[in-house]
Amino acid sequence: MNDGYLNALGVACSLGIGKRAVAEALFAGAGDGLRPEAGWIPGHAPPMGAVRTPLPDIPAPLSATRDNRCNRLALAAALEIEADLRDAIARYGEERIGVVIGTSTGGIEEATSGLADWRRNGTWPDHYRYAHQELAGTAEFLAEWLGLCGPRYAISTACTAGARALVSAQRLLRAGVCDAVLCGGVDTLARLPLNGFHALEAMDGERCRPFSAQRRGINIGEAAALFLMTRERGPVQLLGVGASSDAYHMSSPDPNGLGAVAAMRAALVDARLEPAQIDYLNLHGTATEHNDRMESRAVAEVFPQGVPCSSTKSLTGHTLAAAGALEAAFCWLSLTDARTARRLPPATTHGEADPELPALTFAGVGEALAPGHPVRLMSNSFAFGGNNASLILGDAS
């Protein structure tokens, strides 16, 4: 069914704000998006993928209730495609456009700060708003900013949330509930998840090294990636989606990768494609011991012939709920890259390959897809709780 075209993309991450800046750094494998950040974890300053460009202000009157970094980051991405969004409103009407946003933190940093003030002083600070900690807050904010009356809600399935938001948006279109959906993911740096991952001993004190024998854990970043999805033919199509649940462990994946294999194969079936027809795979690739081991096994099973692949988390950090949407955005940038024939996001892993893992075919800096045939790219996301998602993006048919 041709009912999931990704007509517009707005993106902001540690590589830059806007498609042009992000693409330039991404395809060059630029490594300065991850820098040591003090002040978040007592006594530690691990590399983080912070967005260092000033973010836009929340416009009045929404600034009185919706002003937090998560919403400002989402606004930075949305402003890039505001003209497309306004055109969609004029075409379809406010009630026919939905908003689906994947997030795991929302405005929890501002809420945490307010709670700390309350514990110290016994009173809530003027800036505290309970709505900051509501996961649907960013979807509500974007709908209010645009004046939309359609469905608006959040997906919060940890690190698959951004990808699952695209899946949900496609279902709204297929069901006839919406004619267009603003969908994607956003998460910001916040003390709660940063200290949580630190307590799990899952963070690397240096730049992360996915699939390397020296991998020691993740770097965390922040990002927003928002798509306008419609049934109208656009530059990129969401060809297939697949989802599964391991039901194995709260924080560790099934070591045999059964859920990951199921998600990838479901996406291939949905897209009516064979594994050999996939031209590139964006790996979840967190640089943790168990995830990379599981994913390499799963990829080797689904793609025994090999497939060019990379983990871009060594460039941006793991952007948590935004990761699935951000890495789908990287595939979108490859598909629409006109400068040098569809460059691929490169693997920038530092260190020796892990001999205990199945060998993968990593894309190098400057590597591009051969012209002359339809291109299909897959993106994997795997989350705590065994929640798995795979997306396939490709040339519009």
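If you read the sequence from its start, that first residue is 1, and numbering goes on from there. These figures come from a predicted structure and were not determined experimentally.
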Do you know the tightest heavy-atom contact between Asp32 and Arg52? O-NH1, 4.4 Å
Closest non-hydrogen atom pair between Phe211 and Gly285, with its separation: CE1-CA, 3.6 Å
Nearest heavy-atom pair of Ala328 and Phe227: which atoms, and what distance? C-CZ, 4.0 Å
According to the interplanar angle, ranging from 0 to 90°, do the rings of His198 and His44 count as parallel (below 30°), tilted (30 to 60°) or perpendicular (above 60°)? tilted
Is there side-chain contact between Leu146 and Ile89, with heavy atoms separated by less than 4.5 Å? yes
Check whether any side-chain N or O of Asp254 sits under 3.5 Å from a backbone N or O of Gly259 as a donor-acceptor pair, and report yes or no. no
Membership question, hydrophobic clusters at under 4.5 Å side-chain separation (ILVMFWY): are Ile81 and Leu79 in the same one? yes
Find out whether Tyr5 and Leu173 are in side-chain contact, i.e. whether some heavy atom of one side chain is under 4.5 Å from a heavy atom of the other. no
If you take all heavy atoms of Leu34 and Arg207, which pair is closest and at what distance? CD1-CG, 3.9 Å
With a 4.5 Å cut-off on side-chain heavy atoms, are Tyr92 and Thr230 touching? yes
Reference residue Arg293; test side-chain hydrogen bond (donor to acceptor under 3.5 Å, both in side chains); the match among Glu289, Glu295, His290: Glu289
Would you check if the side chain of Thr160 reaches a backbone N or O of Phe382 as a donor-acceptor pair within less than 3.5 Å? no
Output yes when a side-chain donor or acceptor of Thr103 lies under 3.5 Å from a complementary backbone atom of Val186, and no otherwise. yes
For Leu315 and Pro346, the nearest pair of non-hydrogen atoms, with its separation, is CD1-O, 4.5 Å
Closer than 3.5 angstrom, by distance alone: can the side chain of Asp395 be matched with the main-chain N or O of Leu335 as a donor-acceptor pair? no
According to a 4.5 Å side-chain heavy-atom criterion applied to Ile, Leu, Val, Met, Phe, Trp and Tyr, with indirect links allowed, do Leu148 and Leu228 form part of one hydrophobic cluster? yes
Indicate yes or no: at least one non-hydrogen side-chain atom of Leu226 is less than 4.5 angstrom from one of Leu142. yes
Identify the two heavy atoms, one from Arg152 and one from Glu140, that lie closest to each other, and give their separation to 0.1 Å. NH1-OE1, 3.0 Å
State, yes or no, whether a side-chain contact exists between Asp117 and Tyr128 at a heavy-atom distance under 4.5 Å. no
Given 3.5 Å as the limit, does a donor-acceptor pair link the side chain of Arg129 with the main chain of Asp126, or not? yes
